[in-house]
Protein chains: 4
Amino acid sequence: MKNVKDFDKKEAIFQAMLELISKHGFHSSPMSEVAKQADVAAGTIYHYFKSKDELICALYVRLKEKYIENLFLTDDQNKPFKERFRHFYLQMIIEAQKNPKEFYFLEQFSNSPFISTIPKAEITRLDQPVYDFLRKAVFTQILRDIPPKILVAFVMGSANAIIKLQLSGEFQMTSSDLELAFFTCWDGIKKI
Amino acid sequence: MKNVKDFDKKEAIFQAMLELISKHGFHSSPMSEVAKQADVAAGTIYHYFKSKDELICALYVRLKEKYIENLFLTDDQNKPFKERFRHFYLQMIIEAQKNPKEFYFLEQFSNSPFISTIPKAEITRLDQPVYDFLRKAVFTQILRDIPPKILVAFVMGSANAIIKLQLSGEFQMTSSDLELAFFTCWDGIKKI
Amino acid sequence: MKNVKDFDKKEAIFQAMLELISKHGFHSSPMSEVAKQADVAAGTIYHYFKSKDELICALYVRLKEKYIENLFLTDDQNKPFKERFRHFYLQMIIEAQKNPKEFYFLEQFSNSPFISTIPKAEITRLDQPVYDFLRKAVFTQILRDIPPKILVAFVMGSANAIIKLQLSGEFQMTSSDLELAFFTCWDGIKKI
Amino acid sequence: MKNVKDFDKKEAIFQAMLELISKHGFHSSPMSEVAKQADVAAGTIYHYFKSKDELICALYVRLKEKYIENLFLTDDQNKPFKERFRHFYLQMIIEAQKNPKEFYFLEQFSNSPFISTIPKAEITRLDQPVYDFLRKAVFTQILRDIPPKILVAFVMGSANAIIKLQLSGEFQMTSSDLELAFFTCWDGIKKI
DNA sequence: TATGAATGAGCGTTCATTCAT
DNA sequence: TATGAATGAACGCTCATTCAT
């Protein structure tokens, strides 16, 4: 019972903070509002987290972990790499579309001074799956011989920009547009 | 005299806000600190800007305008497009490297809820030069037939991610790395 | 316990604001001073009231209600109306003399733009007892047939002016002066 | 030329302050707004008045003087006193109706702590004409033998309350209502 | 563990006033 | 005399955090 309740409250707090920050930003998301939205007392938050900053950082790690994990959930290692990459690329876009709040939070966080409070090792750990995924393909000469860090930045950076375009509602993306986006990335990174 | 002073104070305020936000984020950059850094009284800021938000938004427009403008300052329209694009792509990276504070501010702003307070038309206006530059190349069949908005997002998103990698100090980028990055992008977007 | 504390703090805040405003006016009664005088933290006031204006308005309603209520507390409905009215008229003066801060606050409020933020219905409700008291006497032909609103204004307006004269210390009013004041009013409003 | 300009500016400042205070109260009437409304520079106000408070007080004296003066402008000393008093009483109401801003300002001022910054002698001087007017009638046994100060308070207090009722728009007063109001006052104060 | 009233430092902003021109 | 940019103390208010219950 206790564990269930614990889980529920912590979860509710995370969810509330996510909702508020994705909509209003870090400031304009007061703890009192988080408490209200999570249906707990303000003081209760401090039983689970030392401070607001710690809560935000914990939320980041949690969401990032989940996001990356989801990208590989349906990865079929038996398929040819190009197909796996296509799946991966489109999965990023689909995942963000299904969870815009999570996406906005992550982008906001990683473009703010908050990001520098996360130890480099932790960030490396979080990115590891993507890193490994692409590095292996460089190694097996499927992908261009680019330093993996650049490769990861290129792939995810371009994908994120496209996601933002789509989420902004400024541009209605069709499935053939998505296919085009995939090819644009693929033709850039594949070994010639 | 009046104009000179005006220019000085407004400029000093802009500069101070830029410095603080790029380092500490929006909500850890109090107006009192801005005033101190700009060497003006707190109240003076409000002669030039209605509110903190307005100051931040004005700073965004100003910096974005300048940033885009700088990308084309040394563009040579007589050269072949590939070369012009290479110049453009590397210019983005060089520009950001020379002005990291400006880059951090712009990224932070455009990944925060602030961005949605800027009218769409204004954003379109700011991006117009890049948009035109790439659209023309699509039209003349140099670039892949991708909706220009996607194209712009792809190019700038990948470049920005690489810039962030570089600025983070996590990865020392050589000039051949930059060349590689350019080719990765180019091979993605060029007409096959 | 909670209720007692609540009552205490809210009451202390009301009392502090009353004291300050009656002495220094609305805009020379900063919230920080109210907090100090009420012996609470500045922020605490905002648990009980949304804003300074709301606090001031709540105080007005509260004091006005109490003031009117007190006027009829010792009213004896069995006595002839003239005697009841005499009691009522003198009671206004006595009440204000006993609670000058309350009187000053009420007069200041109702002669300021604040008064127009109170809904008309609320003001009607507050004045209702006086209104009813006099209207009935008009109906039974004890008082002159004057529109009740004018009657109320006349009676209370003249009384308030006399109270101000007395409170100003400019004129030492004897009990025969008060008697005279009552007769002056009575002879004006009674049915001839 | 100089005097004309002086007159114009001082007058414009008075007028602007009157307009603002009557509408928004003492606070919410910043000097910068006064300057704007008077079409002068903020600093200019300080050539004519030492401070905001001094300006407000000067405005009070000025308006009160004018108001009282106007009450007797059309007084015909040859007429019987009852008729003269009727004229005076109605004149108060008419005057306020024609100059609501002036009326609101005067009431606001004299019910605020500002009033106690005006020397008693000055207030006495301002009220003198009314005082004399009524005292004489007491002396000649036309009016009840009430201490003149009480008499003045009674008459003007009741009139002001009726004016407020009328200006509030809450009650549409007909000329017969005004007549009734006059008689109510007259029957109260006349010698029986 | 959970509460939420209470805190008070610190925020964004205002505005009476000054002073160099 | 007139200006209005500049000042900075002081305002109303917020909100991360604490602690008695």
Side-chain angles (χ1 to χ4, degrees), chain A residues 1-3 5-6 9-10 27-36 39-56, chain B residues 1-3 5-6 8-10 27-36 39-55, chain C residues 1-3 5-6 8-10 27-36 39-55, chain D residues 1-3 5-6 9-10 27-36 39-56:
Chain A
M1 178 83 168
K2 190 187 133 215
N3 285 329
K5 271 183 83 178
D6 264 25
K9 296 227 161 145
K10 206 171 173 180
H27 71 308
S28 315
S29 299
M31 293 297 259
S32 58
E33 209 59 39
V34 174
K36 203 179 289 172
D39 205 31
V40 300
T44 304
I45 302 178
Y46 290 85
H47 284 295
Y48 296 98
F49 305 96
K50 265 211 213 99
S51 67
K52 185 182 183 183
D53 279 20
E54 204 190 83
L55 162 53
I56 290 172
Chain B
M1 184 77 167
K2 189 188 137 220
N3 285 328
K5 273 183 85 176
D6 263 25
D8 283 355
K9 296 246 155 120
K10 206 174 175 180
H27 80 291
S28 299
S29 303
M31 293 298 259
S32 57
E33 211 58 42
V34 175
K36 208 177 288 173
D39 202 32
V40 300
T44 303
I45 302 178
Y46 292 87
H47 275 293
Y48 295 98
F49 307 97
K50 269 214 207 82
S51 66
K52 185 181 182 182
D53 280 21
E54 204 190 82
L55 161 53
Chain C
M1 186 76 169
K2 189 188 137 224
N3 284 328
K5 274 183 83 176
D6 264 25
D8 283 356
K9 296 243 154 120
K10 207 173 174 180
H27 80 293
S28 298
S29 304
M31 292 301 257
S32 58
E33 211 58 41
V34 174
K36 207 176 288 172
D39 202 32
V40 300
T44 302
I45 302 178
Y46 292 87
H47 276 292
Y48 296 98
F49 306 97
K50 271 216 207 80
S51 66
K52 186 182 181 180
D53 280 21
E54 205 190 83
L55 162 52
Chain D
M1 179 77 168
K2 191 185 133 218
N3 285 329
K5 271 182 85 178
D6 264 25
K9 296 226 162 148
K10 206 172 175 180
H27 71 308
S28 313
S29 298
M31 293 296 260
S32 57
E33 210 59 39
V34 174
K36 203 179 291 172
D39 205 31
V40 301
T44 304
I45 302 178
Y46 290 85
H47 284 294
Y48 296 98
F49 306 97
K50 266 213 213 95
S51 67
K52 186 181 181 182
D53 280 19
E54 205 190 83
L55 161 53
I56 290 174

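Quick note on labels: first sequence line is chain A, next is B, and so on, each numbered from 1. Because the structure is a prediction, the values reported are computed rather than measured.
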Just the rounded figure in Å: distance from [atom2] of [N] to [atom1] of [X].
{"X": "F49(C)", "N": "dT14(F)", "atom1": "CZ", "atom2": "P", "result": "15 Å"}
{"X": "K50(A)", "N": "dA16(F)", "atom1": "NZ", "atom2": "C1'", "result": "16 Å"}
{"X": "D8(C)", "N": "dA5(E)", "atom1": "CG", "atom2": "P", "result": "15 Å"}

Would you please confirm or rule out a distance under 4.0 Å between OP1 or OP2 of [N] and any side-chain N or O of [X]?
{"X": "Y48(A)", "N": "dT1(E)", "value": "no"}
{"X": "K52(B)", "N": "dT13(E)", "value": "no"}
{"X": "Y46(C)", "N": "dT7(E)", "value": "no"}
{"X": "K9(A)", "N": "dA2(E)", "value": "yes"}

Nearest-nucleotide pick for M31(A), side chain only, options being dT13(E), dT17(F), dA5(F): dT17(F)
Mate of dT21(F) where both pairing distances stay under 3.5 Å, Watson-Crick or G-U: dA2(E)
Would you give the length of the straight line joining atom [atom1] of [X] to atom [atom2] of [Y], rounded to the nearest 0.5 angstrom?
{"X": "K52(B)", "Y": "H27(B)", "atom1": "NZ", "atom2": "NE2", "result": "9.0 Å"}
{"X": "M31(A)", "Y": "I45(A)", "atom1": "CE", "atom2": "CD1", "result": "4.5 Å"}
{"X": "Y48(B)", "Y": "L55(B)", "atom1": "OH", "atom2": "CG", "result": "12.5 Å"}
{"X": "D39(C)", "Y": "T44(C)", "atom1": "CG", "atom2": "OG1", "result": "10.0 Å"}

Protein-nucleotides 8-10 of chain E N/O pairs closer than 3.5 Å?
unit_1: dG8(E); atom_1: N7; unit_2: G43(C); atom_2: N; d: 3.4

Side chain H47(B) and base dA6(F) donor-acceptor under 3.5 Å: yes
E33(D) side-chain N/O to S29(D) backbone N/O, donor-acceptor pair under 3.5 Å: no
